[in-house]
Amino acid sequence: LIHLSHRSLGEGFTKSVLWTKMEADLLFADNHLKVNIFHLMKVPLEEFIKRVFAQKGFLDGTIGCLEGLIQAFNKFLVYAQLWEKQQKLS
């Protein structure tokens, strides 16, 4: 496994734009259920809880909590982009 890490938040967010779009495209191609406001709130919150509490990211301190927030934001971006794609069909 080769892990190509980012060296700054800026690099991380640049990667996020690319990867979240790819994930949204895959969900769209798979005819994912129509996204609504509930999804836009629920999915990122679940991701944060999973990363910070279930996977014990809080034990890593600030960096663990930041990572949880960033991954939750990434999930928000995925579902916001999926919602946007679904609106274009309407």
Side-chain angles (χ1 to χ4, degrees):
L1 174 67
I2 299 173
H3 181 82
L4 302 175
S5 184
H6 49 272
R7 300 192 188 287
S8 69
L9 285 174
E11 283 183 27
F13 285 124
T14 299
K15 284 184 180 181
S16 289
V17 170
L18 172 70
W19 289 104
T20 60
K21 181 186 180 312
M22 289 172 48
E23 188 173 347
D25 289 345
L26 289 171
L27 290 172
F28 184 73
D30 198 35
N31 293 317
H32 190 280
L33 293 174
K34 194 161 178 81
V35 174
N36 58 38
I37 190 67
F38 179 70
H39 291 108
L40 292 173
M41 293 185 301
K42 177 182 171 270
V43 173
L45 180 60
E46 287 176 338
E47 186 69 19
F48 178 78
I49 290 169
K50 179 181 91 174
R51 299 276 181 158
V52 175
F53 298 107
Q55 294 178 349
K56 300 182 182 174
F58 67 89
L59 293 176
D60 293 329
T62 303
I63 192 68
C65 292
L66 278 174
E67 184 63 24
L69 283 169
I70 290 167
Q71 294 305 322
F73 183 67
N74 285 345
K75 283 294 181 185
F76 170 79
L77 289 177
V78 168
Y79 278 81
Q81 290 176 84
L82 177 57
W83 173 84
E84 185 176 50
K85 288 177 173 301
Q86 291 172 340
Q87 299 311 300
K88 291 178 181 175
L89 290 178
S90 300

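Because only heavy atoms are used, hydrogens play no part in the values below, and waters and symmetry mates are left out as well, while side chains stay in.
A single hydrophobic cluster is not seen to contain both Leu69 and Leu40; linkage of ILVMFWY side chains at heavy-atom distances under 4.5 Å, directly or through other members, places them apart. Residues Ile70 and Phe76 are members of one and the same hydrophobic cluster, defined by side-chain heavy-atom contacts under 4.5 angstrom among Ile, Leu, Val, Met, Phe, Trp and Tyr.
Counting Ile, Leu, Val, Met, Phe, Trp and Tyr side chains that sit under 4.5 Å apart, directly or through other members, Trp19 shares a hydrophobic cluster with Leu18, Met22.
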Could you give the side-chain donor-acceptor pairs of residues 43-50 under 3.5 Å, partners two or more places apart or in another chain?
{"residue": "Glu46", "atom": "OE2", "partner": "Lys42", "partner atom": "NZ", "Å": "3.1"}
{"residue": "Glu47", "atom": "OE2", "partner": "Arg51", "partner atom": "NE", "Å": "2.8"}
{"residue": "Glu47", "atom": "OE2", "partner": "Arg51", "partner atom": "NH2", "Å": "3.2"}

Side-chain donor-acceptor pairs under 3.5 Å in residues 77-88, sequence neighbours left out?
{"residue": "Gln81", "atom": "NE2", "partner": "Thr20", "partner atom": "OG1", "Å": "2.9"}
{"residue": "Gln81", "atom": "NE2", "partner": "Leu77", "partner atom": "O", "Å": "3.1"}
{"residue": "Lys85", "atom": "NZ", "partner": "Asp25", "partner atom": "OD1", "Å": "2.8"}
{"residue": "Gln86", "atom": "OE1", "partner": "Val35", "partner atom": "N", "Å": "2.8"}
{"residue": "Gln86", "atom": "NE2", "partner": "His32", "partner atom": "O", "Å": "3.3"}
{"residue": "Gln86", "atom": "NE2", "partner": "Leu33", "partner atom": "O", "Å": "3.2"}

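The distance from the OG1 atom of Thr14 to the CG atom of Leu9 is 10.5 Å, given to the nearest 0.5 Å.
In this view, Leu66 and Thr62 satisfy the side chain to side chain contact (heavy atoms under 4.5 Å, CB included) rule, not counting sequence neighbours.
Legend: salt bridge (Lys or Arg N to Asp or Glu O under 4.0 Å) pairs involving residues 53-76, not counting sequence neighbours, sorted by first then second residue: Glu23-Lys75.
Counting all heavy atoms, side chain and backbone alike, Phe53 lies closest to Phe58 at O-CE2, 4.0 Å.
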